[in-house]
Each structure stands twice: as structure tokens, then as C-alpha cells.
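Here is the structure we will look at.
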Amino acid sequence: MGISIRNIAFSCGCSTATVVTVVDRAKARGLEWPLPEEMNDAAIRAVIYPREPKSDASKAEIDHERVDREMERPGVTLMVLWSEYCDAALASGKEPYMYSAFCQRHRKWAMANKVAMHIERKPAQEMQVDYVGDAMGVLDLDTGELLKVYVFAACLPYSGELYAEGFYDMKEESWVEAHVHAFSFYGGSVPIIVPQLLLYFRHRTT
């Protein structure tokens with residue numbers, strides 16, 4: 001109907017990534033506007049998110065709780081855990097799931113089992129900021145020196161819009177420059193800036 005992804009996300013109170021996923025699924029399954037009159041919300045949901053067939057008994061079960069715990073450790077990825085899962089499955093005589101199925105099943109488990117507290121957000125009210133993850137490395141082609149890069153990230157929690165930029169240090173000048181670039185990217189400023197450290201204490205005291 002000519003409505004942008006960003007406007008849909010704003011109206012529904014979700015991220016643009018969620019809108020893109022739903023639209024892509026609808027297109028892949030042949031859903032077009034206008035929808036048939038008999039299609040209610042439940043029917044639409046059943047088409048976009050069909051139930052998966054029951055798992056094959058020959059497939060090795062996924063220890064989702066272990067995967068969830070291990071993912072909290074630095075440097076651990078789903079690819080690493082899937083590789084370990086495959087080794088254990090083959091050792092027990094079972095057939096492992098492919099990587100895509102492994103990730104999909106774990107995401108569904110996480111969505112069904114993780115408890116999350118809904119926090120009401122307002123558009124353009126605040127921006128969450130921090131340096132994130134481990135330092136990355138960039139090779140200086142002129143000198144051959146491996147330089148450390150620290151990744152600054154900013155997020156608008158209402159829309160989930162993310163901005164990230166790398167800096168060679170975490171000095172005050174870089175911190176200020178990162179905020180200026182983030183505001184330029186978003187096309188405006190916000191009245192409240194929330195550093196990640198403050199978010200940590202918010203959760204600890206909730």
C-alpha cells in the first residue's frame with residue numbers, strides 16, 4: 001500500500017527488522033493485499049509461521065539450556081556450539097540437525113522459555129550507548145601494524161535502530177565524536193542518553 005517499513009514499525013511498536021521478516025514471509029507464501037475476508041489473525045499467523053513437523057526420532061536432541069548458558073561466555077558462538085553438538089550426536093549414533101535448523105530451533109526455544117520484562121518506551125526519548133564487545137583488530141597496510149579498534153554502539157530502544165562505529169581509542173574526544181556521529185545518523189538528538197553502565201544498575205535494582 002506504499003507505506004514504508006519504518007512507518008509500519010513505528011505504528012506497530014516493533015523493530016524494522018521484525019517488519020522486514022514478516023513481509024518477506026508473507027511474500028514467500030503468496031499473501032497479498034487485500035487479504036480474503038475469511039482470513040482472521042489466527043489464519044494469517046498460521047500461514048506466516050507454520051508449525052514445524054514433529055522432530056525425527058533419529059535426530060539428536062539439542063540441550064538448549066546448555067547452549068543458552070554457553071552463549072553468555074565471551075567468544076562463544078552458535079557455530080562453535082553446533083560443532084560440539086554434531087560431535088556429541090555422531091558419537092551417540094544419532095543424526096545431528098543442520099546448522100540452520102539448529103539455530104532456528106534454539107531461537108524458538110529461547111523465545112518460549114526466556115522471561116523478559118516489558119519496558120514502555122517512547123519515540124525519541126532516549127538513546128542507549130556504550131563500547132561493546134572485545135576490541136577488534138585492523139591492519140595498517142602502510143606500516144603492517146595491527147591496530148586495536150573499539151566499537152561504539154548507540155541504540156534507540158523504541159525502534160531498535162542501531163548505530164555502530166569503530167575508534168582507535170576510548171578517550172573523551174572519541175566518546176564525544178561518536179555521539180555527534182550517532183545524532184547525525186539518526187537525524188536528531190534525544191533528551192536522555194543512557195550509558196550501558198547505568199542500564200546495568202537499573203536491572204540490578206529492579
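- Here the closest non-hydrogen pair linking Asp169 and Ser174 is OD1-OG, 2.6 Å.
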Q | Evaluation steps, side-chain contact (heavy atoms from CB on, under 4.5 Å), between Val194 and Val129 | A | CA-CA 6 Å; Val194 184; Val129 296; over 6 Å; no
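- Remark: His181 engages no residue in a ring pair (Phe, Tyr, Trp, His ring centres under 6.0 Å) (not counting sequence neighbours).
- Side-chain contact check for Pro96 versus Leu90: some heavy-atom pair is nearer than 4.5 Å.
- Around atom CZ of Arg25, more than 12 heavy atoms belonging to other residues, nucleotides or ligands sit under 6.0 Å away.
- Within the 3.5 Å criterion, the main-chain N or O of Asn7 finds a donor-acceptor partner in the side chain of Ser11.
- Considering only residues two or more places apart in sequence or on other chains, Tyr186 meets the ring pair (Phe, Tyr, Trp, His ring centres under 6.0 Å) condition with none of them.
- With hydrogens and angles ignored, the 3.5 Å screen pairs a side-chain donor or acceptor of Thr21 with a backbone N or O of Ala17.
- Heavy-atom minimum distance, Val149 versus Gly166: CG1-CA, 3.6 Å.
- A 6.0 Å sphere centred on OH of Tyr168 holds no more than 12 heavy atoms belonging to other residues, nucleotides or ligands.
- Note that the NZ atom of Lys59 and the CE atom of Met98 stand 8.0 Å from one another [nearest 0.5 Å].
- Nearest heavy atom pair, residue Tyr85 against residue Ala60, reads OH-O, 2.8 Å.
- Shown here are the side chain to side chain contact (heavy atoms under 4.5 Å, CB included) partners of Glu70, two or more places apart in sequence or in another chain: Arg66, Arg73, Val76, Leu81.
- Rounding to the nearest 0.5 angstrom, the gap separating the CD1 atom in Ile3 from the CD1 atom in Ile8 is 6.0 Å.
- Rounded to the nearest 0.5 Å, atoms NE2 (His64) and CZ (Arg69) are 13.0 Å apart.
- Checked against Val67 for a side-chain contact (heavy atoms from CB on, under 4.5 Å), the options Glu84, Arg105, His106 give a single hit: His106.
- Contact annotation: the side chain of Pro195 never approaches that of Asp130 to less than 4.5 Å [non-hydrogen atoms, C-beta and beyond].
- For Leu162 against Ala154, the heavy-atom pair with the smallest separation is CD1-O, 3.2 Å.
- Of the possible polar contacts, one joining the Ser92 side chain to the Ala89 backbone as a donor-acceptor pair under 3.5 Å is found.
- In this structure, a donor-acceptor pair under 3.5 Å is present between the side chains of Glu165 and Tyr163.
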For this session: Report the C-alpha separation of Met127 and His179 in whole Å, then their side-chain angles, then the decisive distance to 0.1 Å, and conclude whether the side-chain contact (heavy atoms from CB on, under 4.5 Å) test is met.
Result: CA-CA 10 Å; Met127 180 174 74; His179 284 70; 4.0 Å; yes
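- Listed by chain and residue number, Ser15 satisfy the side-chain hydrogen bond (donor to acceptor under 3.5 Å, both in side chains) test with Thr18 (two or more places apart in sequence, or in another chain).
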Verdict with reasoning, Val19 to Cys14, per side-chain contact (heavy atoms from CB on, under 4.5 Å): CA-CA 8 Å; Val19 177; Cys14 63; 3.7 Å; yes
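- Checked against side chain to side chain contact (heavy atoms under 4.5 Å, CB included), Phe10 has the following partners two or more places apart in sequence or in another chain: Pro123, Tyr158.
- Taking CD of Glu61 as the reference point, atom OH of Tyr97 lies at 6.0 Å (rounded to 0.5 Å).
- Residues Cys155 and Pro157 share a closest heavy-atom pair of O-CD, 3.3 Å.
- Taking 4.5 Å as the limit, every side-chain heavy atom of Tyr150 sits out of range of all side-chain heavy atoms of Met136.
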**OP:** Apply the test ring-ring contact (aromatic ring centres under 6.0 Å, His included) to residues Phe167 and Trp175: give CA-CA distance (whole Å), side-chain angles for both, the deciding distance (0.1 Å), then the verdict.
**Re:** CA-CA 9 Å; Phe167 289 88; Trp175 181 253; 9.4 Å; no
What side-chain donor-acceptor pairs closer than 3.5 Å can you find for residues 137-148, not counting sequence neighbours?
{"unit_1": "Asp140", "atom_1": "OD1", "unit_2": "Asp142", "atom_2": "N", "d": "2.9"}
{"unit_1": "Asp140", "atom_1": "OD1", "unit_2": "Thr143", "atom_2": "N", "d": "3.3"}
{"unit_1": "Thr143", "atom_1": "OG1", "unit_2": "Glu145", "atom_2": "N", "d": "3.2"}

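- Using a 4.5 Å heavy-atom cutoff, the side chains of Tyr131 and Val151 are not in contact.
- Salt bridge status for Lys27 with Glu32: absent, with no side-chain N to carboxylate O gap under 4.0 Å.
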Q: Show the numbers, then the answer: is there a side-chain contact (heavy atoms from CB on, under 4.5 Å) between Gln125 and Ile192?
A: CA-CA 6 Å; Gln125 182 185 42; Ile192 303 173; 4.2 Å; yes
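- The shortest non-hydrogen separation linking Pro191 to Ala124 is CD-O, 3.3 Å.
- Between Leu78 and Tyr99, some side-chain heavy-atom pair lies under the 4.5 Å cut-off.
- For the atom pair CD of Gln128 and CG of Leu156, the computed distance is 9.0 Å after rounding to the nearest 0.5 Å.
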